[in-house]
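One structure below.
Start at 1 and go down the list; that is how both ligands and their atoms are numbered.
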Amino acid sequence: MSELIRLEKLTRYFDMGRGKRVHAVDGVSFSIAEGETLGLVGESGSGKSTLGKTLLGLYDKTAGSVIYKGEELPAHYRPKDFLRMANVMQMIFQDPYASLNPRMTVGEIIAEGLRLKPDIQAGDVRARVTAALERVGLHAAHASRYPHEFSGGQRQRIGIARALIMEPEFVVCDEPISALDASVQAQVVNLLNDLKTSMGLTMLFIAHDLSMVRYISDRMAVMYLGSVMEIGKAADVYFQPRHPYTQILIASNPEPDPGREKQRLSTPIQGEIPSPVNVPPGCRFAGRCPKVMPVCREKTPELLPLVNEDRLVACHLYTDAVS
Ligand code: SF4
């Protein structure tokens, strides 16, 4: 598979005034191949959503690069850049309640992006709205109704139709299931999986639920306090985590299967993620890591490949085991 998008030391800080800065995303590098789904996990405050928005140009980057099909994307998007990139990259938002304008009909919401195209005809808009609704399991008649007439799962389907009507190549799904009831989460994930195959989409799938991320993703990246701690094949990272943070994150994640959940040795993650304003020196996880060593508080571990493994880990435990 050839590379579609690559991040090189992508960084996004937010200035708070008085010299304080939130280090939301701090030097993140990875690539996603065409047709691949990369799952991105981590606690709230780890910078996952900011990474997704910076990658799409919704936030200006502070430093680093986003390279799409070999072309470096601008640090600051002008209106014509948004128009050009809306045809290839889209986002599906977390909250299907908040992300749909209650005063617009479903048809108007879904067609919003198309109206950016100056030469599109009204008849084409109607036909594409109908096709987008049917693609996500809704009906043409739903176009004249309003968002409040739909359930949470249906609203998320409307959000997906709005993103996919642009026929994008790459989609960032930002916690697309976390606001939904457990009973409809699997339906939305299965829909995204089917669409990925039928449309040949490449996805960055951001979520809390590690078992769902493992299910939908080819590879998985684990983020902590603005940095990637581990990245590898989803099954390897989920079933044989190497980084102490990944190990604790997975041990603290409830199993969807009640039988396996009973057998799980639950290990709640200790302490809270530190403030991204005061990023500690050395390893960012040192204050909560059960395996911390003196070197961890002094030297920042690099994200490096492990010998004989198809994964990268940022941890001094493996410093001698990198290839
Ligand atoms: Fe723990 Fe040290 Fe590894 Fe950080 S570098 S995860 S503190 S062992």
Side-chain angles (χ1 to χ4, degrees), residues 7-13 21-31 38-51 63-64 206-211 213-214 217 219-255 264-323:
L7 315 186
E8 285 181 358
K9 296 191 180 305
L10 186 66
T11 300
R12 171 65 204 194
Y13 296 156
R21 296 179 117 186
V22 174
H23 296 228
V25 176
D26 218 350
V28 170
S29 302
F30 58 67
S31 61
L38 178 70
L40 186 60
V41 298
E43 293 164 278
S44 295
S46 58
K48 308 184 297 294
S49 289
T50 305
L51 176 71
I206 301 171
H208 274 89
D209 185 332
L210 283 113
S211 46
V213 171
R214 180 191 72 77
S217 306
R219 285 187 305 140
M220 193 191 289
V222 181
M223 225 176 144
Y224 184 79
L225 206 59
S227 289
V228 171
M229 298 283 132
E230 179 163 5
I231 181 167
K233 286 187 184 143
D236 292 352
V237 173
Y238 188 80
F239 291 113
Q240 293 175 311
R242 299 288 188 230
H243 194 283
Y245 177 59
T246 317
Q247 291 168 350
I248 292 173
L249 198 63
I250 286 169
S252 64
N253 187 58
E255 274 283 347
R264 187 173 66 92
L265 291 171
S266 174
T267 316
I269 190 160
Q270 300 293 319
E272 302 222 326
I273 194 163
S275 160
V277 178
N278 303 309
V279 176
C283 173
R284 288 161 190 238
F285 190 53
R288 302 167 82 188
C289 179
K291 297 176 181 168
V292 62
M293 304 173 285
V295 64
C296 306
R297 299 194 190 277
E298 289 160 16
K299 197 171 163 206
T300 304
E302 282 181 62
L303 187 67
L304 295 171
L306 292 190
V307 170
N308 298 330
E309 289 203 42
D310 189 10
R311 80 171 92 193
L312 306 170
V313 176
C315 174
H316 290 307
L317 288 173
Y318 303 99
T319 302
D320 295 333
V322 295
S323 54

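Between Phe285 and Tyr224, the ring planes lie perpendicular to each other; the angle is over 60°, past the 30° to 60° tilted range.
Stacking of Arg214 on the aromatic ring of Tyr238 is recorded, both the 6.0 Å distance cut-off and the 45° axial limit being met.
Remark: Asp26 engages Arg284 in a salt bridge, criterion side-chain N to carboxylate O under 4.0 Å. Here Arg311 pairs with Glu230 in a salt bridge; the nearest charged N to carboxylate O distance falls below 4.0 Å. Classification of Arg288 and Glu43 as a salt-bridged pair holds, one side-chain N sitting under 4.0 Å from a carboxylate O.
Distances under 2.8 Å from atom 1 (Fe) of ligand 1 pick out the protein N/O/S atoms Cys289 SG.
Using modelled atom types, no side-chain atom of Glu8 and backbone atom of Gly64 make a donor-acceptor pair closer than 3.5 Å.
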